[in-house]
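Below is one structure, written out as structure tokens; comments come after it.
Atom set for the values below is all heavy atoms of this structure, side chains included, hydrogens, waters and symmetry mates excluded. Note that the structure is a prediction, hence the values are computed from the model and not measured.
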2 protein chains.
Amino acid sequence: MAEDRRTRRTRRSLRDGLVALVLERGYAGLTVEDITERADVARATFYSHYRDKDDLFTRVTTELLQELDERMHPLAEETEIGFTGKPLLELFRHAEQERDLYRVILRGEGDGKALRTFHDESVRRVAEVFTARAAHTGAEPRLPAELLARAWVGEQLAVLHWWLEQDPAPMPAEEATRMLLDLAVHGRFWASGYDAST
Amino acid sequence: MAEDRRTRRTRRSLRDGLVALVLERGYAGLTVEDITERADVARATFYSHYRDKDDLFTRVTTELLQELDERMHPLAEETEIGFTGKPLLELFRHAEQERDLYRVILRGEGDGKALRTFHDESVRRVAEVFTARAAHTGAEPRLPAELLARAWVGEQLAVLHWWLEQDPAPMPAEEATRMLLDLAVHGRFWASGYDAST
DNA sequence: TACGTTACTGGACACTCTGTCTGGAACTGG
DNA sequence: CCAGTTCCAGACAGAGTGTCCAGTAACGTA
């Protein structure tokens with residue numbers, strides 16, 4: 001009943017071929033033949049696994065998101081009690097392992113559909129924690145939760161993307177996440193001179 | 001010597017057709033004929049103005065960026081002295097006027113190329129102000145300027161995108177930017193319970 | 001208003017890529 | 001080993017691309 005080895009090999013090759021080629025030439029410029037050629041697979045075989053290029057990309061990113069979710073899940077509970085920043089570090093660790101695919105997604109390849117999914121999923125997770133914490137502490141947030149979640153995710157993904165595109169990495173994952181948390185909690189981008197009331 | 005009226009009309013129609021159709025069906029799914037049909041222009045005419053679909057989109061976004069730059073320029077000087085948040089408000093105002101095109105870009109249509117350009121341009125502007133301010137106050141930033149700029153732009157664009165996709169608008173531009181500034185300056189997403197040293 | 005110039009039109013062209021379908025070869029798991 | 005499946009190479013019609021052309025309409029200027 002287990003999956004055929006040939007199937008696994010073929011799918012893996014197509015996935016790798018796609019990711020590599022998108023980084024080289026961009027998603028839109030690729031033909032199915034480009035991908036199958038790189039993967040060393042017959043073009044007809046492609047269509048027995050995926051409907052088209054978009055289908056392949058969608059499935060690849062969906063798998064990645066599931067993988068991330070499984071890593072996040074055990075960390076969710078403790079985060080609702082005291083904010084630790086562990087989920088953020090886990091995200092950076094995961095991205096470090098799957099660097100190329102993360103770069104493809106964060107670049108917005110595929111008309112940004114994958115990025116939007118990734119973004120929305122992150123917002124959902126963050127918003128969940130926010131509301132759970134609000135219920136726990138009873139404190140009314142100063143700003144709307146939706147805006148907070150969007151801003152926080154935007155910050156995360158922008159820094160993550162920048163961090164992944166650098167070569168060599170400008171700093172270890174621990175340091176990048178520590179800085180992000182510092183920023184989020186304490187704010188103050190500027191040393192002085194801004195009056196918030198204006 | 002002035003530009004021919006027919007040329008202006010044709011280009012404008014193609015631009016409007018593109019933007020409207022991308023919002024309806026997504027960039028990748030469009031053919032040149034779809035666009036020319038919507039714009040009520042012969043397909044051959046398209047090719048006498050633009051090389052291909054990408055060329056049209058690139059030029060449209062470039063024009064938008066120039067327009068934004070012209071609005072930002074007079075505000076740059078005073079921002080380097082005391083941080084006012086005026087450029088941010090100007091961005092939101094501009095986006096409000098060109099709502100549809102901004103949505104197309106921020107969604108990452110066109111494989112994210114337009115969004116990346118927009119993003120990088122914003123980072124460039126912000127980084128400029130940061131370094132100018134650092135030179136002015138002499139204060140050493142707590143975190144690397146590059147990271148600060150990326151995070152700040154990520155926050156801005158995420159909230160801007162969210163704000164533009166809502167219908168009706170959840171709040172006026174002034175309020176959205178005020179909240180963003182509040183967040184950036186004072187931080188503290190959470191009421192309590194986080195120890196930054198962990 | 002008349003005129004030379006420029007832009008738009010609609011149709012045709014070769015070309016590339018798509019998605020589907022063969023029959024036969026190669027490989028797999030039991 | 002063998003029944004079952006996956007892979008392969010090649011052929012196919014259809015859609016979209018980018019270019020070209022000759023005829024027509026609109027333009028700016030004098």
Report the C-alpha separation of B/Arg11 and B/Glu63 in whole Å, then their side-chain angles, then the decisive distance to 0.1 Å, and conclude whether the salt bridge (Lys or Arg N to Asp or Glu O under 4.0 Å) test is met.
-> CA-CA 12 Å; B/Arg11 297 219 171 117; B/Glu63 279 167 26; over 6 Å; no
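- Near-neighbour residues of DNA chain D inside residues 39-63 of chain B, defined by a heavy atom below 4.0 Å, number-ordered: B/Arg43, B/Ala44, B/Tyr47, B/Asp52.
- Applying the ring-ring contact (aromatic ring centres under 6.0 Å, His included) test to residues at least two apart or on different chains, the pairs with a partner in residues 7-41 of chain A are A/Tyr27-A/Phe57.
- Atom CZ in A/Arg8 sits roughly 14 Å away from atom C1' in D/dT5 (whole-Å rounding).
- Here the P atom of nucleotide C/dT18 and the CD atom of A/Glu37 are 13 Å apart, to the nearest Å.
- Between the CE atom of A/Met179 and the CG atom of A/Leu183 there is a distance of 10.0 Å, given to the nearest 0.5 Å.
- Summary of helix geometry: the two end axes of the helix from C/dT1-D/dA30 to C/dG30-D/dC1, each defined by five base pairs via their C1' atoms, are inclined to each other by 50° (rounded to 10°).
- Between the CG atom of B/Asp4 and the P atom of D/dA25 there is a distance of 17 Å, given to the nearest Å.
- Each of D/dA25, D/dG4, D/dT17 was ranked by its minimum atom distance to the side chain of B/Arg6; first place goes to D/dA25.
- A salt bridge is absent between B/Glu128 and B/Arg125: the closest approach of a Lys/Arg side-chain nitrogen to an acidic carboxylate oxygen does not fall below 4.0 angstrom.
- Regarding B/Arg5, its CZ atom lies at a distance of 14 Å from the C1' atom of D/dT29, rounded to whole Å.
- Checking D/dG16, D/dC7, C/dT28 against the side-chain heavy atoms of B/Thr31 singles out D/dG16 as nearest.
- Under 4.0 Å is where a charged nitrogen must lie from a carboxylate oxygen, and between B/Arg9 and B/Glu3 no such pair does.
- For A/Glu33, the CD atom sits in a loose shell: 12 or fewer heavy atoms of surrounding residues, nucleotides or ligands are nearer than 6.0 Å.
- Across every non-hydrogen atom of B/Ser48 and B/Thr45, the tightest pair is OG-O, 2.8 Å.
- Taking atom CD of A/Glu3 as the reference point, atom C1' of D/dC7 lies 15 Å away to the nearest angstrom.
- Under a 4.0 Å N-O distance rule, the pair B/Arg124/B/Glu121 qualifies as a salt bridge.
- As rounded to whole Å, 12 Å separates atom C1' of C/dG11 from atom CD of B/Glu33.
- Two residues, B/Arg9 and B/Leu30, neighbour DNA chain D, and the one matched to the more 5' nucleotide by heavy-atom proximity is B/Leu30.
- The pair A/Arg71-A/Glu67 does not meet the salt-bridge criterion, since no charged nitrogen lies less than 4.0 angstrom from a carboxylate oxygen.
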